Colleague: 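One structure, as structure tokens, below. Some questions next.
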Amino acid sequence: MKDVLIIIGTRPEAIKMAPVIRRMSESSILRPRVCSTGQHREMLAQAFAAFDIAPEFELRLMTRGQSLAALSGRLFNTMDALLEERRPWCVLVQGDTTSVMIAALCAFYRHIPVGHVEAGLRSGNLQQPFPEELNRRVATLATRFHFAPTPTAADNLRREGVPESRIHITGNTIVDALLYMREGIRDAPPPLPPAMEALLRKGLSYVLVTVHRRELGAEGLQHICNALRTLARRHPDLFFVYPVHLNPRIREHVRAELGNIANILLIPPLGYKEFLRAMDAALFIMSDSGGVQEEAPSLNKQVLVLREVTERPEAVEAGFCRLVGAQEERILQAAEELLAQERSGIPSRSTPFGDGHAAARITTVLERAAQASPEEYP
Ligand code: UD1
Ligand code: UDP
């Protein structure tokens, strides 16, 4: 058996790696060994709990309001020590966080092959999303096995000179995760916070909101809060349910701006099952999240994307996401249009992000490589 060290730092990495861990656990060739960097704490614990994952190695690196450089420094030291001690055959990372970039670099320095899940996403703008666009470009340079979720992502890698033999189009593991959870949710809906349950019981409509990106800054956040306040005032029968990200910069601002409005429900981050149920029941979604843009098509939901650019153009092209940015007037206009449209219904289409078998494809590629000599594998 060869060890694959699976690195997870934040909520979305846990959700998107969970299907890979499950699938790889059935392998007779590879042994998944899960390492939590603890870049996130409570939100990561919630995501692990949803999938019954207990990491074997916990680095517990989060500090409140951490700076990118300080987090990176702690990651370099602890990750390198772990690699030295455990000497895995391969390091597997997912996405574009600081944990991903530093783990990929640490593995590269030790000549350990890196597998990158969700490789090849590009916005084309190093400032948006910040610093994720840089993180993924660096991860690409250090990666041996590029698991591109879509043909568009694969094309981005080819354009950067990644050899064809190292690119594997797999679909996005978020579809695997969502399909795995969805059955259970329909059979036994997980309880939501009491205020949300009350809305659902009364048949009241709500828009689901999430916001967390660093590049928004105080000004962007203010625009989003202003737009939400205006929408809540104009539509007193419509609710806005907003699970607030634990980043203190976001949390404090949002609480101060939106804390006392009757039809805006500020709630703590939801567990994954609960969040899927909340998305499923929402009228539409307003979000700057990457993962939410990928989940919305599977749930046939519309998302107003509170960003200027997206590295997930597939969701825009398929008609599920609309780039609105973080400017108050544009958000208001787009939300009003969608409210009018929602009342006349929106046709259902299929997801561009995969068929739910991404984790199996990723595992198969790595199993084949593990059985070959380093010169033979792509
Ligand atoms: C990080 C990732 C971002 C990803 C997002 C997912 C980087 C640079 N950013 O952003 O790519 O989209 O996670 O949510 O890697 N905090 C808690 N408890 C938690 C999580 C966070 O208190 O469970 C607070 C801490 O004060 C922490 C702060 O949030 O310092 C910011 O966390 P960090 O991981 O640095 O950045 P995010 O904005 O969460
Ligand atoms: N999510 C969750 N609970 C919440 C909000 C989001 O479980 O309260 C899930 C969501 O379904 C998606 C992921 O978290 O799978 C997205 O994480 P986030 O928006 O923090 O990061 P990004 O995807 O932008 O990197």
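For this chain, numbers begin at 1 and follow the sequence in order. All figures in this text were calculated on a predicted structure; none of them were measured in a lab. Just follow the structure's listing: the first ligand is 1, and inside any ligand the first atom is 1.
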Colleague: Check this for me - ligand 1, Arg11, N or O atoms closer than 3.5 angstrom, yes or no?
Modeller: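 Between Arg11 and ligand 1 (N or O atoms, distance only) the closest approach is not under 3.5 Å.
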Colleague: Pairs of nitrogen or oxygen atoms closer than 3.5 Å, one from Arg64 and one from ligand 1: do any exist?
Modeller: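 For ligand 1, there is no N or O atom that lies under 3.5 Å from one belonging to Arg64.
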Colleague: Is the shortest distance from a Lys or Arg side-chain nitrogen in Glu197 or Arg277 to a carboxylate oxygen in the other one below 4.0 Å?
Modeller: yes
Colleague: Among protein heavy atoms, which lies nearest atom 29 (O) of ligand 1, and at what distance?
Modeller: Asn247 CA, 3.1 Å
Colleague: Check each of Gly290, Pro248, Pro269 against atom 28 (C) of ligand 1 and report the one with the nearest heavy atom.
Modeller: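 Looking at heavy atoms only, Pro248 sits closest to atom 28 (C) of ligand 1.
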Colleague: May I ask you to check whether Pro131 has an N/O atom sitting below 3.5 Å from an N/O atom of ligand 1?
Modeller: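 Among all N and O atoms of Pro131, none is under 3.5 Å from an N or O of ligand 1.
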Colleague: Between Asn135 and ligand 1, is there a nitrogen or oxygen pair with a distance under 3.5 Å?
Modeller: no
Colleague: Within ligand 2, which atoms have a heavy atom of Arg213 less than 4.0 Å away?
Modeller: 24 (O)
Colleague: Just heavy atoms, cut-off under 4.0 Å: does Glu132 contact ligand 1 by side chain, backbone, both, or neither?
Modeller: side chain
Colleague: So which bit of Tyr272 gets within less than 4.0 Å of ligand 2, heavy atoms only: side chain, backbone, both or neither?
Modeller: both
Colleague: When you measure from atom 15 (O) of ligand 2 to every protein heavy atom, which one gives the shortest distance, and what is it?
Modeller: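 Going by distance alone, atom 15 (O) of ligand 2 is nearest to Glu295 OE2, 2.5 Å.
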Colleague: Polar contacts were defined as any N/O atom of the residue lying under 3.5 Å from an N/O atom of the ligand; does this apply to Met43 and ligand 1?
Modeller: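 The answer is yes, given that Met43 and ligand 1 share an N or O pair closer than 3.5 Å.
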Colleague: Looking only at protein heavy atoms, identify the closest one to atom 20 (O) of ligand 2 and say how far it is in Å.
Modeller: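 Sorting protein heavy atoms by distance from atom 20 (O) of ligand 2 puts Arg11 NH2, 2.8 Å first.
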Colleague: Non-hydrogen atoms of Gln46 versus ligand 2: any pair closer than 4.0 Å?
Modeller: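 Checking ligand 2 against Gln46, which is what was asked, there is no heavy-atom contact under 4.0 Å.
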Colleague: Does CD belonging to Glu183 count more than 12 external heavy atoms closer than 6.0 Å?
Modeller: no
Colleague: Testing the 3.5 Å rule here: is there a donor-acceptor pair between the side chains of Arg11 and Ser289?
Modeller: no
Colleague: Quick test: of every protein heavy atom, which one is nearest to atom 1 (C) of ligand 1, and how far off is it to 0.1 Å?
Modeller: His40 NE2, 3.6 Å
Colleague: To the nearest 0.1 Å, how far is atom 19 (C) of ligand 1 from its closest protein heavy atom, and which atom is that?
Modeller: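 Sorting protein heavy atoms by distance from atom 19 (C) of ligand 1 puts Glu42 OE1, 3.3 Å first.
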Colleague: Geometry only, no angles: is Thr10 polar-contacting ligand 1 at N/O separations under 3.5 Å?
Modeller: no
Colleague: Would you indicate which of Ala50, Gly290, Ala47, Gly95 comes nearest to atom 24 (O) of ligand 2 when only heavy atoms are counted?
Modeller: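 Among Ala50, Gly290, Ala47, Gly95, the closest heavy atom to atom 24 (O) of ligand 2 comes from Gly290.
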Colleague: Mind checking whether Phe145 and His168 have parallel, tilted or perpendicular rings, split at 30° and 60°?
Modeller: tilted
Colleague: For ligand 2, does His212 get within less than 4.0 Å through its side chain, its backbone, both, or neither, judged by non-hydrogen atoms?
Modeller: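 For His212, the contact with ligand 2 is made by the side chain alone.
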Colleague: Under 3.5 Å, N or O to N or O, is Met43 touching ligand 2 that way?
Modeller: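 For ligand 2, there is no N or O atom that lies under 3.5 Å from one belonging to Met43.
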Colleague: Whether the side chain of Glu133 engages the backbone of Gly124 through a donor-acceptor N/O pair (distance < 3.5 Å, no angle test) should be reported.
Modeller: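 Between the backbone of Gly124 and the side chain of Glu133 there is a qualifying donor-acceptor contact (under 3.5 Å).
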Colleague: Hey, which atoms in ligand 2 end up nearer than 4.0 Å to a heavy atom of Ile174?
Modeller: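 Going through ligand 2 atom by atom, the ones under 4.0 Å from Ile174 are 15 (O).
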Colleague: Considering the heavy atoms of Arg213, write down every atom of ligand 1 situated less than 4.0 Å from one of them.
Modeller: 11 (O), 12 (O)
Colleague: For atom NZ of Lys301, is the number of surrounding heavy atoms from other residues, nucleotides or ligands below 6.0 Å larger than 12?
Modeller: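 Buried by this count: over 12 neighbours within 6.0 Å.
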Colleague: Is any NZ, NE, NH1 or NH2 atom of the basic residue among Arg87 and Asp3 found under 4.0 Å from an Asp or Glu carboxylate oxygen of the other?
Modeller: no
Colleague: Assess whether a salt bridge exists between Glu252 and Arg249, defined as any Lys/Arg side-chain N lying under 4.0 Å from an Asp/Glu carboxylate O.
Modeller: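 No, no charged N to carboxylate O under 4.0 Å.
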Colleague: Tell me whether Asp288 contacts the main-chain N or O of Arg213 through its side chain, where contact means a donor paired with an acceptor under 3.5 Å.
Modeller: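 Pair found, side chain donor or acceptor close to backbone of Arg213.
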Colleague: Polar-atom distance check: Arg214 versus ligand 1, any N or O pair below 3.5 Å?
Modeller: yes
Colleague: Verify the distance criterion only: is there a donor paired with an acceptor across the side chains of Glu13 and Gln94 at less than 3.5 Å?
Modeller: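 No, no side-chain donor-acceptor pair sits under 3.5 Å.
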Colleague: Going by heavy-atom distance to atom 22 (O) of ligand 1, choose the closest among Gln46, Arg41, Met62.
Modeller: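 Closest candidate by heavy-atom distance is Met62.
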